[in-house]
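Just so you know, residue 1 is the first one in the sequence shown, and it goes up from there.
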Amino acid sequence: MGIRLRFLVSVRLFLAILVVSLVHAGSLDTRLLLTSGGMTPGERHSEEYCAMYDICGKRSDGKVLNCPFGSPSVKPDDLLSSKIQSLCPTIVGNVCCTEAQFDTLRTQVQQAIPFLVGCPACLRNFLNLFCELTCSPNQSLFINVTSIGKVGSNSTVDGIDFYVTDAFGEGLYDSCKDVKFGTMNSRAIEFIGAGAQNFKEWFAFVGRKTGLKVPGSPYTITFRSNTTESSGMKPMNVSSYSCGDTSLGCSCGDCPSSSVCSNTVPPASHKRDSCSMRIGSLKVKCIDLILTILYIILFSVCLGWGIYRRRRERNPASRTKPLSNLMDAGAPHSLDRKKDENLPMQMLEDDPQIRNRVQLSVVQGYMSNFYRIYGTFVARNPTLVLSSSVAVALLLCLGLIHFKVETRPEKLWVGPGSKAAQEKQFFDSHLAPFYRIEQLILATIPDYEHSKSQSIVSENNIKFLFDIQKKVDGIRANYSGSVISLDDICLKPLDQDCATQSILQYFKMDPENFDNYGGVEHLHYCFQHYSSADTCLSAFKAPLDPSTALGGFSGNNYSEASAFLITYPVNNAVDKEGNETAKAVAWEKAFIQLVKDELLQMVQAKNLTLSFSSESSIEEELKRESTADAITILISYLVMFAYISLTLGDTPHLSSFYISSKVLLGLSGVMLVMLSVLGSVGFFSAIGVKSTLIIMEVIPFLVLAVGVDNMCILVQAVKRQPLELPLEGRVSNALVEVGPSITLASLSEVLAFAVGSFIPMPACRVFSMFAALAVLLDFLLQVTAFVALIVFDFLRAEDKRVDCFPCIKIPSPHADTDKRIGQRKPGLLARYMKEVHAPILSIWAVKIFVIAIFVALALASIALCTRIEPGLEQKIVLPKDSYLQGYFNNVSEYLRIGPPVYFVVKNYNYSSESSHTDQLCSISQCNSDSLLNEIARASLVPESSYIAKPAASWLDDFLIWLSPEAFGCCRKFINGSYCPPDDQPPCCAPDEGTCRTVGICKDCTTCFRHSDLHNDRPSTTQFREKLPWFLNSLPSADCAKGGHGAYTSSVELRGYENGIIQASSFRTYHTPLNKQVDYVNSMRAAREFSSRISDSLKIEIFPYSVFYMFFEQYLDIWKTALINLAIAIGAVFIVCLVITCSLWSSAIILLVLAMIVVDLMGVMAILDIQLNAVSVVNLVMSVGIAVEFCVHMTHAFAVSSGDKDQRAKEALGTMGASVFSGITLTKLVGVIVLCFSRTEVFVIYYFQMYLALVLLGFLHGLVFLPVVLSIFGPPSRCVLVEQREDQSSASSQL
């Protein structure tokens, strides 16, 4: 059913993989922010004295080493002084650094500035730490050289102690700990501090000495906080700024502890706890308590009323009843009261001068007259009726030449007016369609005995994963004569390497690097330093979060992971029918075939498990599902056909069974059902409505189950007629007897099915339309073609012709053969109903018990209904043997990250006159209630917001990229054209994997000075000119904020020149979603959040996630269900009222229908059947099907004579057997076969629900309804008249 589960899969790579803005951010040399200066151990520590001065050498990897010699501080020249002041405003007067040292400092800190510039307080504290270390004139007071090395003949610093007060360390850490790095939806401390949890861990990370060509400090820096008095040293203690400082204030997203932010009201939880009360130690829901009290009251009233009635009946004074009480009070033909008081009904039946006559409603009168005339016509002209009705049906079938099947999930389950569908269309057309997902999950076999799985992170498994990857890389698919490989279709953030999500990325996807990098130990190292170590960067130049490539771990214990998640993101296209999509589908088919043919065997040999999926897997498996249950459906038809043939025939006698059987009639009836289905499909195909797989599989069964009832009722009605009548009279009387109730039931079914067409989901709407027309055609064929076939069959039997071979005529040797064939002895079931079932239900104690039980069931079901959850588990819509079953199980078991959600902003006005920029951004000077700040705040309460992280913001990164402080980012040549960072071509030339500066960009300057900006915001022209630069800027170590790759598809530049960006998005993630209700609630929470922010900011904002389109229906599924059920039940009530003209009868039918539907919903709750479009359609159709259990019994009761008990008995005797055998058993036989279906959706939504419906309908129709009628039933329409002339029984029977 096409619930697309890409959202479950996509969670592993969301554009975090595109965060190329970190490309070499992991290689930040912030730990290298050391400069020269010098002082040998034992030199003095005093003010205006240096501990390290100048540069005395370089390591072989180019990292400079300071001189270990002390010297007095030096007064810099004016140019150097102004440079130092621009970066280090706390350094005044003399300094302890040369120009070369300062340039080194400036080069190194520029790598960290883009991470921190959004929070000025953090950036200032961070710069102060390294400015004081490098250039402070009092350097010797807090720097002590502890170790000296040699480079050539020069002595160099090899280790120092850096004394810093705890107050400064805590201030620095507190101001920076929450600063976001939006591109990765994470904190900047993850990249410049390896995720440090306090300032001591951060200092330890910064001060660690690293090896050659490894990012970090070239010598050891030991941070200390305490000095001895004898040393003459003092810890560095420059003032630290709080992130809540008004002069250097940070945004709420970067500083949630700020007083401005802490006073902001937290987002309201969308979760509403249901009302509950505590009674002693028992906690009960309010609705349960209310319904219990209501039941006690109703039961007490009912019991009291029953006792009162019983005593009144036993009172001799009330035993005498006027005969008029037995009849309709308004009957014009009532007899004289004195004559008929206490006259037994049997005496009336025996009196030849007194006859029963049924007073019908106006509509029923017209219908009876019509069926009397029509029945005579059909009996006289069966050939004409049969041929004309079949011809019309065949004419409708001609439309099958235009028959088409819709298999695309988005066309089946998403309405064209869907808000989510419109938002998806906007997102795809203005930004970019979400990529396609191909995925493998390689896992160890769980140890169920110890409830623990073995870790998959081992050398053998990693090497085996390289073998699997080699196989995948070797896939070559054929599309229109061209060869398609993964490299041709994969997502490439920087247009070079595929963004494959796999732990093999820690080895650059190269098996040779496994040993070179240190094997498994390197993997464990990268688990902790994936964002900060250059050797852990992926082949596509971005950090790889281990949680996207591993599964089955707890917390951050990645080494415990029991599964490898390998995900291949593939480019998607808006045009699903285009060549790009077709190429991807061709590769996906080859990918699935490779897994089935080779990889599964390889994995089994390694004692591992493998599950897999591709973007097109669900659609392909749904197509396969269309044939998966063909045999089951066929067996169901055969079983029902056999039962019909047996039921329609007379009691078998060895001597005449070949004449009395009705096999040919039953087969003909089944053929008419199939013809009605084909006619319905043909009609809708002719007008361009596509069919669905459910229609082809379910509607024939449903129509057969509905149609069989009427066939049985018609045949049995004919068989009940007196044999003395000619066949014309029997057929005519039978149609008069059952025609109105059949018409009422059929019209009710058609209306109930048609109500389903109001459901917005296309698959269910089309299903309901097809079913309604099929049931209508089936009814019309039954009262035309099938009645004609009944005539032919009875003529055949009377002519002693063999069933199935009517050309063969058998002369009967026995004189009583005709009598036997025509015998109308009541069957065993009819005798049971009349002699056992009805008398038991007439006992007052039994009546009270029945009413108490059924009312209790109804009230309990109402309480249970509140426990039904919306959704449709994706696993049940697929065949049980589908490979996706195991895949979905593993997805639920191993995933540790939720799907991405994009907050899309429409018509963002970036002009300087507009306030939109500050209403959206989350860096310094942005509004505290801005969109991004609100998202960050919502991420603090993920249990209610379902937002896991702050959003990745192209706007924040763009404003930081423009900032003069980020002097390595936005730069320009003298001619005004874009100048890339120094570590990118053409500013440097590739040299053995590194980039060697060539001097081309030595004259590049920053795009803007502070004076060029207004409150650090660009003008409209500046914004318009520099935005394309930003989006085309490659991220690198010198500027990690480049927007290419990370934000390429986050901003629509089409038409942006007029100051309006039509569409832009900000990406974050949902929390892990494990249940269907989680998906529904997360979507509801995101929409409520967006609506609130849109209203507050007066900016149009909507959330988008790939799964929203398929879950939107569940937001209002209860409303949809209740409205459609109300319409269906209301329609049935109106039909009953119009046809019967009896408000009382219609109200009783309405009550029983409502109880059946409510009880069915209670069964759904017990069986954990979810509420979705399929179950809503079933509930609506259950109204139509349940009508049959009520209408025939109510009609038989209304036209019976006697008191209410006698009429209830008579109704059970005449219609009880028909309802049980013709309605209950026929449906039961067909439904039971469905339990053998290979598709679980059939088992749950068609076997379980329809089995429950049949049983509930039977119990309500043959147990509860007769009791209700015997107590509260409407007056009889049967009146007594004096017969003044002989009348044929044909004219007095109903």
Q) Mind checking whether Phe514 and Lys463 have side chains closer than 4.5 Å, heavy atoms only? A) yes
Q.
Can you confirm whether Val1051 sits close enough to Tyr908 that some side-chain heavy atom of one is under 4.5 Å from a side-chain heavy atom of the other?
A. no
Q) Do Tyr1104 and Asp428 come close enough that some side-chain heavy atom pair is under 4.5 Å? A) yes
Q.
Among residues at least two apart in sequence or on other chains, which ones pass side-chain contact (heavy atoms from CB on, under 4.5 Å) with Lys419?
A. Glu423, Arg1087, Glu1112
Q) Is there a side-chain contact between Ile503 and Leu550 (heavy atoms, below 4.5 Å)? A) yes
(Q) For Phe612, give me all partners under ring pair (Phe, Tyr, Trp, His ring centres under 6.0 Å), at least two apart in sequence or on another chain. (A) Tyr883
Q.
Exactly one of Ser1064, Pro1103, Ser1050, Ser1065 should register a side chain to side chain contact (heavy atoms under 4.5 Å, CB included) with Val904. Which one does?
A. Ser1065
(Q) Using 30° and 60° as the class boundaries, would you call the ring planes of Phe1066 and Trp954 parallel, tilted or perpendicular? (A) parallel
Q: Over 60° means perpendicular and under 30° means parallel, so classify the ring planes of Tyr1079 and Phe1107, tilted if in between.
A: perpendicular
Q: Among Gln501, Gln439, Glu438, find the residue that satisfies the side chain to side chain donor-acceptor pair (under 3.5 Å) test when tested with Thr567.
A: Gln439
Q) Counting only heavy atoms not in Lys508, do more than 12 fall under 6.0 Å of its NZ? A) yes
Q. Looking at residues at least two apart in the chain, or sitting in another chain, which of them share a salt bridge (charged side-chain N to carboxylate O under 4.0 Å, His left out) with Lys471?
A. Glu598
